Amino acid sequence: MRVIQQSLLAWYDTNSRDLPWRITSDPYKILVSEIMLQQTRVETVIPYYHRFLESLPNIKSLANIDDQTLLKLWEGLGYYRRALNLKRTAQQIVNQLNCSFPSSAEEWEKLPGIGRYTAGALGSIVNGEQTALVDGNVKRVYARMFNIELPVNEKNGEDAVWDIANNLVPAGRPGDYNQALMELGATVCLSRNPSCSICPVISHCKAFKLGIQDKLPARKKKKSVPQRTAASAIIQREEKFLLLQRPTNGMLGGLWELPTVIIPHLDLKYQEIEAIFDSQLNLKIKIIKLEASARHAYTHFKIHNLAFSSQLIAQDSRERLRHPYKWIDKDQISGFPVHVVQQKLFAQLFDSQQKLSLQ
DNA sequence: AACTCGGGGTC
DNA sequence: GACCCAGAGTT
């Protein structure tokens, strides 16, 4: 075994954090952790991880859960497609693989929601296979260690890191080595102000030798994101209001919200917004008054979401709605998975006493 | 290769 | 504001 690998493993043995998915060898639990950790920080995942496994302790319980319960467990974690794909993976393991988990990265990667990184993680950690993995941490560590100048968010740079990772993953303790690499990136080889003085592999780091660790890894800049405006309708009937479910295919799929449309800009006349509700949702309403407003930033656009108290005009229009819907009491909201912009609106509408006393 | 798909922490 | 995080899937 090479010096880099020995140094990193020795460092990992005494400096690794006590993360909940590291004290188990249950493939199911490790699978759940890896999916949750995609593009999501360790500290964010931990409470979700515990709650998820408490409700769904094994692969069969996940395979059989209904989507609404599943999404409620995922609520606030983001990238909700991950949860639905994870369930599909569980179903394939139960029904097609007879409850036996894949035995290699190649087999893992055939399952939905498991790409190159996650397959490498599961192959090495669960199966003990000598297989590499590259995530944001590994890109940063290796880009600095080997002075990779190519942008790591483009194919060339990514391939360069994968080549190094494939060459360096050891036959012994591949799972620990891969985790050590990520642990180093998460706690020492930080994006900003890396703690080079305590780095166990500082003597192997080209960037440190050149004093350019702050300039690596190189990334191609992303373009700025557009601003969008949305209008939501608070439509009350007796003590209840109308909630719609978003289509499972698109963004925030399967989650619930007030009837909501995208509008071209902020200062449309009420009449014009009403026409958009009609054409987009088949919902004929009369807007009464602005009640709440929330802003939110997604990865590829920003949104300003307004909420208007409204009246339903055509009583039968609900029968032609393009989405699943429910009339619910405000106390029932907590039973539905709701995305964060709408949570912000609900907080303004219901949590403060002066607002919307419901008729 | 570019785009879609969340949310939150950080500076 | 911009950047980034144990990325994957689609076009």
Side-chain angles (χ1 to χ4, degrees), chain A residues 16-17 19-22 30-49 71 74-86 88-89 108-125 132-141 143 151-159 161-162 165 175 177-187 189-193 214 217-227 246-255 294-303 337-344:
Chain A
S16 63
R17 294 168 291 179
L19 303 180
W21 43 88
R22 288 186 179 156
I30 298 172
L31 167 64
V32 170
S33 78
E34 286 300 341
I35 302 301
M36 285 188 170
L37 285 162
Q38 289 169 359
Q39 288 291 285
T40 311
R41 294 170 193 280
V42 164
E43 307 78 52
T44 305
V45 164
I46 289 174
Y48 282 91
Y49 174 80
L71 288 171
W74 212 269
E75 182 185 48
L77 199 52
Y79 288 134
Y80 299 94
R81 186 71 52 82
R82 288 184 297 175
L84 302 174
N85 279 337
L86 177 58
R88 289 176 55 209
T89 279
W108 279 109
E109 198 168 351
K110 293 175 181 171
L111 296 168
I114 296 178
R116 202 175 176 187
Y117 159 80
T118 307
L122 294 170
S124 62
I125 297 171
L133 102 209
V134 170
D135 75 330
N137 292 304
V138 178
K139 286 179 184 172
R140 187 167 55 256
V141 170
V152 295
N153 58 347
E154 290 193 321
K155 193 175 186 313
N156 285 344
E158 211 162 315
D159 287 347
V161 176
W162 269 103
Y177 177 80
N178 283 335
Q179 294 191 74
L181 213 45
M182 295 190 284
E183 189 79 355
L184 187 74
T187 63
C189 194
L190 303 172
S191 190
R192 281 181 296 262
N193 298 322
D214 290 321
R219 288 180 196 276
K220 186 191 163 197
K221 282 182 183 160
K222 300 166 188 170
K223 38 185 177 180
S224 60
V225 299
Q227 173 78 231
R246 298 178 61 91
T248 25
N249 287 334
M251 187 174 179
L252 304 167
L255 278 71
R295 295 175 184 278
H296 194 68
Y298 296 109
T299 306
H300 54 295
F301 68 92
K302 298 175 183 178
I303 196 161
V338 172
H339 55 97
V340 168
V341 202
Q342 295 275 317
Q343 288 178 11
K344 291 177 181 173

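Values reported hereafter were calculated over all heavy atoms of this structure, with side chains retained and with hydrogens, waters and symmetry mates removed. Reminder, nothing fancy here: chain letters follow the sequence lines and each chain counts from 1. All figures in this text were calculated on a predicted structure; none of them were measured in a lab.
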A.B. asks: What distance, rounded to whole Å, do you find between the two P atoms, one in B/dG6 and one in C/dT11?
C.D. replies: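 The answer is 16 Å between these two P atoms.
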
A.B. asks: Name the nucleic acid region contacted by A/S33, choosing base, sugar-phosphate or nothing; use a 4.0 angstrom heavy-atom cut-off, strictly under.
C.D. replies: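 The residue A/S33 makes no contact with any strand.
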
A.B. asks: Check this for me, if you would: do A/K155 and A/D159 make a salt bridge, where the nitrogen-to-carboxylate-oxygen distance has to be below 4.0 angstrom?
C.D. replies: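 Judged by the 4.0 Å cut-off on N to carboxylate O distance, A/K155 and A/D159 do form a salt bridge.
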
A.B. asks: When you measure from the side chain of A/Q38 to the backbone N and O of A/G113, does any donor-acceptor pair fall under 3.5 Å?
C.D. replies: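 Yes.
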
A.B. asks: I'd like the 5' and 3' limits of the part of DNA chain C contacted by chain A, with heavy-atom contacts below 4.0 Å.
C.D. replies: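 Endpoints of the contacted stretch of DNA chain C: C/dG1 to C/dG9.
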
A.B. asks: Take atom P in C/dA8 and the same atom in B/dG9, then report the distance between them in whole Å.
C.D. replies: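 Per the computed distance, 23 Å lies between those P atoms.
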
A.B. asks: Rounding to an integer number of angstrom, what distance separates B/dC5 and C/dC4 when you compare their P atoms?
C.D. replies: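 My reading of the P atoms in B/dC5 and C/dC4 gives 22 Å.
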
A.B. asks: Looking at every strand, decide which applies to A/I30 at a 4.0 Å heavy-atom threshold: base, sugar-phosphate, or nothing.
C.D. replies: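 If one applies the 4.0 Å heavy-atom cut-off, A/I30 turns out to touch nothing in the nucleic acid.
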
A.B. asks: Output yes when A/E183 and A/R22 qualify as a salt bridge under the 4.0 Å nitrogen-oxygen rule, no when they do not.
C.D. replies: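 Looking at A/R22 together with A/E183, the answer is yes, because their closest N to O distance falls below 4.0 Å.
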
A.B. asks: Heavy atoms under 4.0 Å, any strand shown: does A/W74 hit a base, just sugar-phosphate, or nothing?
C.D. replies: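 Counting heavy atoms under 4.0 Å across all strands, no contact is made by A/W74.
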
A.B. asks: Here's a test of your reading of the structure: between A/L111 and A/K302, which maps to the more 5' nucleotide of DNA chain C?
C.D. replies: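 It is A/K302, whose closest nucleotide lies nearer the 5' terminus.
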
A.B. asks: Given atom NZ of A/K220 and atom C1' of B/dA2, what is their separation to the nearest angstrom?
C.D. replies: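 That distance rounds to 8 Å.
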
A.B. asks: For the pair A/Y298 and A/F301, name the ring-plane relationship: parallel under 30°, tilted 30 to 60°, perpendicular over 60°.
C.D. replies: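 Because their plane-to-plane angle lies in the 30° to 60° range, the rings of A/Y298 and A/F301 count as tilted.
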
A.B. asks: Which value, in whole Å, describes the distance between the P atoms of nucleotides C/dC3 and B/dC3?
C.D. replies: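 Going atom to atom, P in each nucleotide, I get 16 Å.
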
A.B. asks: Indicate whether the side chain of A/N85 and that of A/R88 have a donor and an acceptor atom separated by less than 3.5 Å.
C.D. replies: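 Note: A/N85 and A/R88 side chains meet the donor-acceptor criterion.
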
A.B. asks: If a protein heavy atom is under 4.0 Å from the base, mark B; if only from the sugar-phosphate, S; if neither, -; do that for nucleotides 3-10 of chain B going 5' to 3'.
C.D. replies: SSBBBBBB

A.B. asks: Would you check if the side chain of A/R140 reaches a backbone N or O of A/N137 as a donor-acceptor pair within less than 3.5 Å?
C.D. replies: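 Answer holds: no.
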
A.B. asks: Give me the distance, rounded to whole Å, that separates C/dG9 from B/dG8 when you measure between the C1' atoms they each carry.
C.D. replies: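 It comes out at 23 Å once rounded to the nearest Å.
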
A.B. asks: Examine A/W21 together with A/Y49 and report whether their ring centres are nearer than 6.0 Å.
C.D. replies: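 Close enough - the centres of the two rings lie under 6.0 Å apart.
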
A.B. asks: Looking across every strand, which nucleic acid part, if any, lies under 4.0 Å from A/R22 by heavy atom: base, sugar-phosphate, or nothing?
C.D. replies: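 Here A/R22 touches the bases of the nucleic acid.
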
A.B. asks: Thinking salt bridges, do A/E109 and A/R116 make one under a 4.0 Å N-O criterion?
C.D. replies: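 Looking at A/R116 together with A/E109, the answer is no, because their closest N to O distance does not fall below 4.0 Å.
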
A.B. asks: Any donor and acceptor pair, going by atom type alone, linking the side chain of A/N153 with main-chain N or O of A/K220 inside 3.5 Å?
C.D. replies: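 Yes, because the side chain of A/N153 sits within donor-acceptor range (under 3.5 Å) of the backbone of A/K220.
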
A.B. asks: Identify, between A/I114 and A/R17, the residue whose nearest nucleotide on DNA chain C lies closer to the 5' end.
C.D. replies: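 It is A/R17, whose closest nucleotide lies nearer the 5' terminus.
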
